[in-house]
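Here's the structure we're looking at; comments come further down.
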Amino acid sequence: MANPFLSSNAAPISFTDRKILVLDDMPDMRTTMRNQMQALGITNVSLASNVKEALNYLAQRTYDVILCDYYLGGSTDGQQFLEYLRTTNKISRATLFIMITAETGFNSVITAAECLPDDYLLKPFTGETLKIRLERLLERKARLANIDRLQDKGDWPAIIKACDDIIASRDKYMVDAMRIKGNALLTLDKVDAAISFYQDAIKMRDMPWAKLGLARALKSKGQGQQAGQLLEGIIQDNPKLLAAYDLLGKIHTESGDSEKALNVLDNACKIAPHSLARQRSIANLAEETGDYARVDKALSVVVKQTKNSPLRDAKDFVKLTNALTETGELERAVGVIKDAKESFKEGPEVKLLAAVEAVTQQKAGNKDAAQKALMVALEPDENNLTEDTKLAIANACLVNGRKDEAMQMLKSVVQNNPDSSKLQAQIAHIFKDHGGADVAKQLIDSSVKEVINLNNDAVQKAKSGAYAEASEMLTEAALRLPNNLQIVSNASLSILMDVFMNGYDSAKTQQAKQFQEAVTAQNSQYPKLAEIMAFQVKIQQKYKQEMAS
């Protein structure tokens, strides 16, 4: 039987054209690494002393390799930086990320690996060690380069084929290709194929990643209990495989056992206390269960660790402020929101933070400060506000006695997303001190009914032959409610019906296409899309000459 882990006959690795980014807070270390790389013939080296400088470099160019020290001298560490880069797609799959750490800290660093770096370098290291490590990693990247490009494009069927080619070659990158193929099968929702694939991989060798993949596949198939049992075994055998804790936490959450989910995530945090993503997951889950003390504990860690860092997120401050407000720690809440305003002085976060501040200041008895913050939140904005921002502004209006404005904004939010049970729960929470569940239900029901009536009126007009009037009604509604897929898809269809019956109009046709694209972007399988595309074909057939001119 052929050895599946034979070495490949790779061509010699050239360093001369490589672009390297070094991130280290120690000037001497930066200089040493630059000299080591220059000795290898690498002249295109960028040196960054902090995360902000590194992000500025990454905004200007792509790099083949990032060499990043784990301890960066501030509150943000190298692992958090990598997590941010990977989760926000700031670097492509082709970029190598190598974590550098002292040997004494290696165990604590490797257990904190949420997003795994491509490799670790233990300090101190020689130029020869760096050369050997880079050669090995760049050889691997070259072998997987086509798959990396396909992953950046999201072409999952092609990724599976490329992985199969490497698996069939049975070279030393076979397992890498297997891991990627398993993920691709799950991404394409080929759950049965994924289950068979992972089971075969486990028969070949006891590989924790394959067991974890099998658990993901079982969960996707609705076999949560079986997946949970498998994950408990994985955690027992591999207590530092943190992704297993996260998946088990999700299974408990979806089954309604929030306390079990929180306990699982708490156990993971004991192993890797610096994971921003996990602390945020704990905060989100605790917020849903009303455990505001736990929200405070988790997000206080996040806010501290992202201090003076580009990794700061306004939502962390919002959730922390809301939790402190709920527990009556109003002085701390005011302090947190003031801290947030220093970090976010422009952009869409300003209105969100102003709305939260208007609530906190009002409850703290600072009425003038509350009114000033509310005015900022209510300033006209030509940009579309997020759902979270609208909910926060509506809540601020209610707390500050401006009920009519609150109701109007909440009506818009409901009509944009009429089927969201999560949204309805959020609105009920907003009204807990302003009329309770009955008022919330009345608002939701009347808002949904208004949209249904508008849609039905437009359909009746179209049936009676008033196509132009129907399309005008639905176009106005779609522009006002861009996330209501029923309204937006019907607007697209009604415009096409108007064009088909009343004559070709390029502007109207373009508007219909924009609405169609908006629906596709949110749900490419939305049922009305097939009808829209069929009508487009009819228009092309009827107005072939007009469209060509």
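Note: hydrogens, waters and symmetry copies are ignored here, and every other heavy atom, side chains too, is used. Only a predicted model underlies this, so the values are computations on that prediction, with no experimental measurement involved.
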task = Quick one: pull up CG in Asn490 and NZ in Lys528 and give me the separation to the nearest 0.5 Å.
result = 4.5 Å

query = Do the ring planes of Phe97 and Phe81 sit parallel (below 30°), tilted (30 to 60°) or perpendicular (above 60°)?
reply = tilted

inquiry  = Check this for me: does any side-chain nitrogen of one of Asp189 and Arg216 sit under 4.0 Å from a carboxylate oxygen of the other?
reply    = no

task = Tell me, yes or no, whether the heavy-atom count around Lys513 atom NZ, taken from other residues, nucleotides or ligands under 6.0 Å, exceeds 12.
result = no

Close side-chain approach of Asn417 and Asn483, heavy atoms under 4.5 Å = no

task = Find the distance between CG (Asn455) and CD1 (Ile452) and round it off to the nearest 0.5 Å.
result = 8.5 Å

query = Is there side-chain contact between Lys390 and Leu410, with heavy atoms separated by less than 4.5 Å?
reply = no

key: Note: Glu357-Lys341 ion pair, threshold 4.0 Å (strictly below)   = yes

note = Nearest heavy-atom approach of Ala283 to Leu299 is CB-CG, 3.5 Å

inquiry  = Return the CD to CG distance between Gln371 and Leu378, rounded to the nearest 0.5 Å.
reply    = 9.5 Å

ask   = Should Lys141 and Asp64 be marked as a salt bridge (charged side-chain N to carboxylate O under 4.0 Å, His left out) after you check the CA-CA gap, both sets of side-chain angles, and the distance that decides it?
value = CA-CA 10 Å; Lys141 278 295 178 186; Asp64 297 294; over 6 Å; no

query = For the residue pair Ile251 and Gly228, what are the closest heavy atoms and their distance?
reply = CD1-N, 3.9 Å

inquiry  = Testing the 3.5 Å rule here: is there a donor-acceptor pair between the side chains of Thr386 and Thr389?
reply    = yes

remark   = Output for pair (Tyr63 OH, Ile91 CD1), nearest 0.5 Å, gives 12.5 Å

inquiry  = Please check: side-chain N/O of Ser492 versus main-chain N/O of Ala512, any donor-acceptor pairing under 3.5 Å?
reply    = yes

request  = May I have the step-by-step check of side-chain contact (heavy atoms from CB on, under 4.5 Å) for Lys319 and Arg280, ending in yes or no?
outcome  = CA-CA 10 Å; Lys319 288 179 179 292; Arg280 285 167 175 152; over 6 Å; no

request  = Answer whether the closest heavy-atom distance between the side chains of Leu276 and Glu83 falls below 4.5 Å.
outcome  = yes

note = Applying side chain to side chain donor-acceptor pair (under 3.5 Å) to Asn56 and not counting sequence neighbours gives none

Partner of Thr321 under side-chain contact (heavy atoms from CB on, under 4.5 Å), chosen from Asp339, Val336, Val359 = Val336

message = Quick check on Lys432: does its NZ atom have over 12 non-hydrogen neighbours (other residues, nucleotides or ligands) under 6.0 Å away?
response = yes

request  = Could you walk me through whether Ile195 and Gln199 pass the side-chain contact (heavy atoms from CB on, under 4.5 Å) test, one step at a time?
outcome  = CA-CA 6 Å; Ile195 290 173; Gln199 287 173 337; 3.7 Å; yes

inquiry  = So which atom in Gln426 and which in Leu391 form the shortest heavy-atom distance, rounded to 0.1 Å?
reply    = OE1-CD1, 3.5 Å

ask   = Counting distance only, does the side-chain N/O of Arg18 pair as donor-acceptor with the main-chain N or O of Asn44 below 3.5 Å?
value = no

ask   = With a 4.5 Å limit on heavy-atom distance, are the side chains of Gln305 and Ser275 in contact?
value = no

message = I want to check something: taking the side chain as every heavy atom from C-beta on, are Lys345 and Val350 in contact at a cut-off of under 4.5 Å?
response = no

request  = Apply the side-chain contact (heavy atoms from CB on, under 4.5 Å) test between Ile66 and each candidate in Ile20, Leu58, Leu82; give the one that qualifies.
outcome  = Leu58

note = Nearest heavy-atom contact between Ile393 and Ala377 is CD1-O, 3.4 Å

query = Counting distance only, does the side-chain N/O of Asn400 pair as donor-acceptor with the main-chain N or O of Ala396 below 3.5 Å?
reply = yes

Stacked cation flag Lys461 on Tyr467, 6.0 angstrom / 45 deg = no

task = Taking the side chain as every heavy atom from C-beta outward, state whether Asn523 and Val519 have any pair of such atoms under 4.5 Å apart.
result = no

query = Using 4.0 Å as the upper bound for N to carboxylate O, is an ion pair formed by Glu288 and Lys422?
reply = no

key: SB check Glu342 Lys338 (cutoff 4.0 Å)   = no

ask   = To the nearest 0.5 Å, how far apart are CG in Asp498 and CD in Gln511?
value = 12.0 Å

request  = For atom CD of Gln225, decide whether the heavy atoms of other residues, nucleotides or ligands shown that lie under 6.0 angstrom number more than 12.
outcome  = no

query = Does a sphere of radius 6.0 Å around NZ in Lys315 hold more than 12 heavy atoms from other residues, nucleotides or ligands, not counting ones at 6.0 Å or beyond?
reply = no

ask   = What do you reckon, is CG of Asp404 surrounded by more than 12 foreign heavy atoms closer than 6.0 Å?
value = no

ask   = What is the distance from atom NZ of Lys403 to atom CG of Leu398, rounded to the nearest 0.5 Å?
value = 8.0 Å

query = If only atom types and distance count, is the side chain of Gln415 paired as donor or acceptor with the main-chain N or O of Ser447 below 3.5 Å?
reply = yes

inquiry  = Please determine whether a side-chain nitrogen of the Lys or Arg among Asp155 and Arg149 lies less than 4.0 Å from a carboxylate oxygen of the Asp or Glu.
reply    = no

inquiry  = Show, in sequence, the C-alpha distance, side-chain angles and deciding distance for Phe317 and Arg312, and conclude whether the side-chain contact (heavy atoms from CB on, under 4.5 Å) test is met.
reply    = CA-CA 9 Å; Phe317 290 89; Arg312 281 204 147 183; 3.3 Å; yes

ask   = Would you call Leu150 and Arg93 a side-chain contact if the rule is heavy atoms closer than 4.5 Å?
value = no

inquiry  = Is there a side-chain contact between Leu21 and Arg61 in this structure, where contact means two heavy atoms from C-beta onward sitting under 4.5 Å apart?
reply    = no

task = Heavy atoms only: give me the nearest Leu137-Asp118 pair and the separation to one decimal.
result = CD2-O, 3.7 Å

inquiry  = For Lys181, run the salt bridge (charged side-chain N to carboxylate O under 4.0 Å, His left out) check against Asp165, Asp164, Asp176 and tell me which one passes.
reply    = Asp164

task = Establish, from distance only, whether the side-chain atoms of Arg86 and Thr95 form a donor-acceptor pair under 3.5 Å.
result = no

inquiry  = So for atom CD, which belongs to Gln442, do other residues, nucleotides or ligands contribute more than 12 heavy atoms lying within a distance under 6.0 Å?
reply    = no

ask   = For Glu379, does its backbone N or O pair with a side-chain atom of Lys351 as donor and acceptor, under 3.5 Å?
value = yes

request  = Answer yes or no: is there a donor N or O on one side and an acceptor on the other, between the side chain of Ser494 and the main chain of Ala491, under 3.5 Å?
outcome  = yes

ask   = Between Tyr504 and Tyr543, what is the ring plane arrangement, given parallel below 30°, perpendicular above 60°, and tilted in between?
value = tilted

inquiry  = Checking the side chain of Thr475 only, and the main-chain atoms of Glu472 only, is there a donor and an acceptor separated by less than 3.5 Å?
reply    = no

ask   = Any idea which heavy atoms bring Ser220 and Leu186 closest together, and the distance?
value = OG-CD2, 4.5 Å

query = Can any side-chain N or O of Ser489 pair as donor or acceptor with the backbone N or O of Gln486 at less than 3.5 Å?
reply = yes

key: Phe535 six-ring face occupied by Lys538 cation (under 6.0 Å, within 45°)   = yes

